[in-house]
Amino acid sequence: MQNKGKYYITTAIAYTSGKPHIGNNYEIVLADSIARYKRKDGYNVFFQTGTDEHGQKIELKAAEAGVTPKEFVDNVAKIIKGLCDLLNISYDKFIRTTDKEHEKQVQKIFKRLYDQGDIYKSDYQGLYCTPCESFWTESQLKDGKCPDCGREVKPAKEEAYFFKMSKYANRLIDHINKHPEFIQPVSRKNEMMNNFLIPGLQDLCVSRTSFQWGIPVDFDNRHVVYVWLDALTNYITGIGYDADGNSTDQYKALWPADLHLIGKDIIRFHTIYWPIFLMALGEELPHQIFGHPWLLQNNDKMSKSKGNIMYADDLVTVFGVDAVRYFVLHEMPFENDGSITWDLMVERLNSDLANTLGNLVNRTLSMSNKYFGGIVENRGKVEAVDEELKAIAIGTYDRVEMKMQDLRVADALTEIFNLFKRCNKYIDETEPWILAKDEAKKDRLATVLYNLAESIMIGASVLEPFMPETAAKIAAQFNTTLRDFEATKVFGGYVSGTKVTDTPEILFARLDPKEVDSKVVELVQKQKDQETTDASTDQTAENNPQTEEINIEPKEEITYEEFAKMQFQVGEILSCEAVPKSKKLLCSQVKIGSQVKQIVSGIKAFYTPEEMVGKKVMVLVNLKPAKLAGVLSEGMLLCAEDADGKLALVTPEKPMPAGAEIC
RNA sequence: GGCGAAGUAGCUCAGUUGGCUAGAGCAUACGGUUCAUACCCGUAGUGUCGAGGGUUCAAAUCCCCCCUUCGCUACCA
């Protein structure tokens, strides 16, 4: 086989805060299919995946579980690796960010970037989301909560190191413009350019002092390296990068990566920060970053709180590994999110795997056994009808290759199944059971069955990267081996006279949706049981707001004069309506003494305009008017905010007239 | 609010530079067949191609405006 050169492919590394669900595992199945495909296509493939194991969230989870962070991540990493193996993932390297070599290199990289002036020390102020390890500005919050995970944020300020992003921005813009294939799909490229690069990049915070579970900055021990500089660099440290210039031969051979496969949620980090880190290190940029869509359940993101999580191991238990691989690959379009439910799986598997493929293999084998004692022989009795089948068979690889060049894996699978469908049609056209009744047509019958066996083996050989186990099973039943891609472009590779198995195995049994449903009920129950045991340690703070205290960051002390500048009065809401074209704003007419002020507030999520009317509320009256969403606001309604970002208006404890001063 | 994408058969979507009766898969109905996992093959559909204008001999396809949904982003006193 011709060697087409190296191909270095990576997935994002999985965060070890808990067991990943099928939506997370999707990516690695996709990557595995591409890796296996390229390998089979003659590339020298290196496929790296792994786990991202640092951060405050893990530190907290470990503390809750009463174990050390290392013990905690060891456990989760083992689960994740186990799922990879279960899904038949052919990774060449499974990197962990707690690997000594990785940690050492991250420290060196940090030091080097600091020494060359790309990293500098400053202060970080903002609202911090612990689980996401992200600072947010007030304006980035959604309903007062973390825009990523929807959980509470806390004010925080810390000394931190920053990376000078702006220094490299123009080079990156230039690179992106010159390499249209760099960010895929292209719609993502526009988002990055329009929202970040063109308006101007902000410097990125690259260290933390608020927790210890991270790689220490070796020249400033209070700091640990923040997630992105730690996690992203796995792509180079995993193959032997050395910041002092002593990188391994493997690194020199593999870098730059050919494909970083990631979820669409982390495109920004991979297409902006990561390339800039690499520029700063003087390394080449990866060829391509593909931000794949998500696999959703009923168009809903999977999450524990929604109770709709589907785990890969449960799916494999019910359907088998290749069925799961087939489903996630097939159901995931290129650009839009895919959808998975138990019912959809049953439908897809019955139709494509059991009916089209499994049944095809089964009927072909059983006819060979019935009519020729299992011997498949090409007796050369060709008819015109054979030509179309042959043309489709030997053209399958080329069509698949065209799709794979654009990473359209779902479409590639469809091409392969078109061949299997054509085989079924061919059986109908040639009617072997009728040929069998006429002794004079035995040679034709043998040829028909040979053509089928050959076409199936071509299909199975192209299918191998996507469904390795199934392809191998088919080959075994036809008593042959899978062939390389080049050999699928010629019709006739199957050795004439081969004896196929006389005990055909059902490749995919048809599934009864009802039986699957009852299995699912069992699995969900098991999940729930597990969660209740987890929950005893896990959910103390989040679920008991009434007993919770809230501490906010103390503000600077002010003088009485400063306080006295603020004018608070009781206001009565005369009328209230939603601000058109805004998601969160209500516009109220507020009576304060004899005047009426218009005040806009971000409380639509908690109050309807109707229930606002008539309320007596606390108003900051002398705030400089401002326009919100194009509507003038002449003050501020005061609210209390709980840890979840829920708001409650502050009202006088006894009846008070509109305009009464609050002092 | 800014930028972008999308609204086509019950569902998921194709429809290249405007051109013949608008397509595929799944689901549905009917017919055929029996080698096979009640499977496979064939046939049939239904669609004001989001609404309304315009350009053209001709528009799902180009232009204008509007509505809806989604993504990123900003604002949310």
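By convention in this document, chain letters (A, B, ...) are assigned in the order of the sequence lines, proteins followed by strands, and residues within each chain are numbered from 1.
In this structure, of U37(B), C41(B), C26(B), it is U37(B) that holds the atom nearest to the side chain of I506(A). For R510(A), the listed nucleotide lying nearest its side chain is U37(B); candidates were C72(B), U37(B), C40(B). For Y371(A), whose side chain is taken as the heavy atoms from C-beta onward, the closest listed nucleotide among C72(B), C35(B), A77(B) is C35(B). The listed nucleotides are A77(B), G25(B), C72(B); the one nearest the side chain of N195(A) is C72(B). Considering only the side chain of A354(A), U37(B) comes nearest among U73(B), U37(B), C40(B).
Looking at heavy-atom distances under 4.0 Å, N355(A) makes contact with sugar-phosphate atoms alone, never a base. Looking at heavy-atom distances under 4.0 Å, K421(A) makes contact with sugar-phosphate atoms alone, never a base. Contact annotation for E347(A): backbone-only contact, meaning every heavy-atom pair under 4.0 Å involves sugar-phosphate atoms and none involves a base. Residue contacts for L365(A): at a heavy-atom cut-off of 4.0 Å it reaches no nucleic acid atom on any strand shown.
Figure legend. G52(B) is base-paired to C64(B); pairs are counted as Watson-Crick or G-U wobble with both atom distances under 3.5 Å. Of all nucleotides present, only C57(B) satisfies the Watson-Crick or G-U wobble test against G19(B), with each distance under 3.5 Å. For C70(B), the paired base is G4(B) (Watson-Crick or G-U wobble, both distances below 3.5 Å). Judged by Watson-Crick or G-U wobble contacts below 3.5 Å, the nucleotide U28(B) has A44(B) as its partner. Both distances falling under 3.5 Å, in either a Watson-Crick or a G-U wobble arrangement, occur for no nucleotide opposite A38(B).
Separating the CZ atom of F508(A) from the C1' atom of C40(B) is a distance of 18 Å, rounded to the nearest angstrom. Put simply, CE on M367(A) is 10 Å from C1' on U34(B), counting in whole angstrom units. Remark: C1' of G25(B) and CG of N350(A) are 16 Å apart, rounded to the nearest angstrom. Rounded to whole Å, atom P of A27(B) lies 14 Å from atom CG of D343(A). Atom NZ of K264(A) and atom P of G4(B) are 19 Å apart (whole Å). We find that CH2 of W433(A) is positioned 10 Å from P of U33(B), with the value rounded to whole Å. The distance between atom CZ of F417(A) and atom C1' of U12(B), rounded to the nearest whole Å, is 18 Å. Atoms CZ (R422(A)) and C1' (G42(B)) sit 13 Å apart, rounded to a whole Å.
Comparing G4(B) with C76(B), their C1' atoms sit 22 Å apart, to the nearest whole Å. Atom C1' of A51(B) sits at a distance of 28 Å from the matching atom of C20(B), rounded to the whole Å. To the nearest whole angstrom, the two C1' atoms, one in C49(B) and one in G7(B), are 10 Å apart. Nucleotides G52(B) and A9(B) place their P atoms 16 Å apart, quoted to the nearest Å. For the C1' atoms, the distance linking G2(B) with U46(B) amounts to 42 Å, nearest Å. Rounded to a whole angstrom, the distance from the C1' atom of G19(B) to that of C64(B) is 24 Å. Taking atom C1' in both C75(B) and C3(B), the straight-line distance is 15 Å, to the nearest Å. Spacing between A59(B) and U16(B) at atom C1', rounded to whole Å, works out to 15 Å.
One N or O on the side chain of T414(A) and one on the backbone of A410(A) form a donor-acceptor pair closer than 3.5 Å.
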Does the salt bridge (Lys or Arg N to Asp or Glu O under 4.0 Å) test come out yes or no for R408(A) and E415(A), once each step is laid out? CA-CA 11 Å; R408(A) 292 182 179 270; E415(A) 291 295 346; over 6 Å; no
Start with the C-alpha distance between H330(A) and F417(A), add both sets of side-chain angles, then the distance that settles side chain to side chain contact (heavy atoms under 4.5 Å, CB included), and finish with yes or no. CA-CA 11 Å; H330(A) 179 274; F417(A) 275 76; over 6 Å; no
Step-by-step ring-ring contact (aromatic ring centres under 6.0 Å, His included) determination, W228(A) to F269(A): CA-CA 8 Å; W228(A) 293 109; F269(A) 299 98; 3.8 Å; yes
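Of the residues near RNA chain B, L357(A) and E191(A), the one whose nearest nucleotide (by heavy atom distance) lies more toward the 5' end is L357(A). With the nearest nucleotide of RNA chain B identified for both D352(A) and R363(A), D352(A) has the one nearer the 5' end.
Side-chain contact between I183(A) and Q288(A): absent, with no pair of heavy atoms (C-beta onward) separated by less than 4.5 Å. Residues F196(A) and R268(A) are in side-chain contact: their nearest non-hydrogen atoms beyond the backbone lie under 4.5 Å apart.
In terms of polar N and O atoms assigned as donor or acceptor, the side chain of N190(A) never comes within less than 3.5 Å of the base of C3(B) in a complementary pairing. Evaluation of atom-type donor-acceptor distances gives no pair under 3.5 Å for the side chain of D428(A) against the base of G42(B).
One finds a side-chain N or O of K425(A) lying less than 4.0 angstrom from the OP1 or OP2 phosphate oxygen of G42(B). Within the structure, every side-chain polar atom (N or O) of N194(A) is placed at least 4.0 Å from both OP1 and OP2 of U73(B). Residue R268(A) has a polar side-chain atom (N or O) positioned under 4.0 Å from OP1 or OP2 of U73(B).
Nearest heavy-atom pair across K442(A) and F372(A) is O-CZ, 3.4 Å.
Taking the six-membered ring for Trp and thresholds of 30 and 60 degrees, H292(A) and F290(A) have ring planes inclined between 30 and 60 degrees apart.
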